[in-house]
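Positions are given from 1 along the sequence.
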Amino acid sequence: MTSFIMDLFPPSRRDDPPAQRAAEFLGHAMLGACAAPIWGGVVAALFIGAVYWLWKEWGDLRRGGGIRDGLIDAGAVTVGAMYSGPAWWPLGLSAVAAVYIIKAVLR
């Protein structure tokens with residue numbers, strides 16, 4: 001199962017378009033948000049992010065992925081795992097991603 005997931009989700013590259021990187025960030029955060037109802041709290045969120053990094057991003061390092069990318073992805077999962085609020089949270093995260101895309105495109 002792990003090798004299937006590793007093949008399905010290759011490491012990000014620095015030259016990926018800004019929209020793709022923002023979508024990946026949102027996807028990682030939403031992945032963490034899916035785990036939030038199972039375990040709650042900051043400690044649980046940090047644990048979920050660490051497990052994600054060990055499970056997915058550590059494998060990406062061995063396949064040519066960057067440590068910075070892995071830490072950003074695991075951080076997004078951790079932030080997502082802290083979700084315990086109302087529906088505005090995903091909208092706020094999407095707004096941040098939109099700002100990131102606009103900023104990157106205008107450079």
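- Under the side chain to side chain contact (heavy atoms under 4.5 Å, CB included) test applied with L71, the options D73, I67, D69 reduce to a single match, I67.
- Nearest approach of G70 to W53, heavy atoms of both residues: O-CD1, 3.4 Å.
- Here the CZ atom belonging to R63 is positioned 9.0 Å from the CD atom belonging to E57, to the nearest 0.5 angstrom.
- Taking CG of L61 as the reference point, atom NZ of K56 lies at 10.0 Å (rounded to 0.5 Å).
- Taking every heavy atom of both residues into account, A74 and Y52 meet most closely at CA-CD2, 4.0 Å.
- Annotation: the span from T78 atom OG1 to L46 atom CG amounts to 6.0 Å, rounded to 0.5 Å.
- At a threshold of 4.5 Å between side-chain heavy atoms, the hydrophobic network of Ile, Leu, Val, Met, Phe, Trp and Tyr places I72 and L26 in one connected group.
- The shortest heavy-atom contact between Y83 and A33 is CB-CB, 4.1 Å.
- Nearest heavy-atom pair, A22 versus Y100, reported as atom, atom and distance to 0.1 Å: CB-CD2, 4.0 Å.
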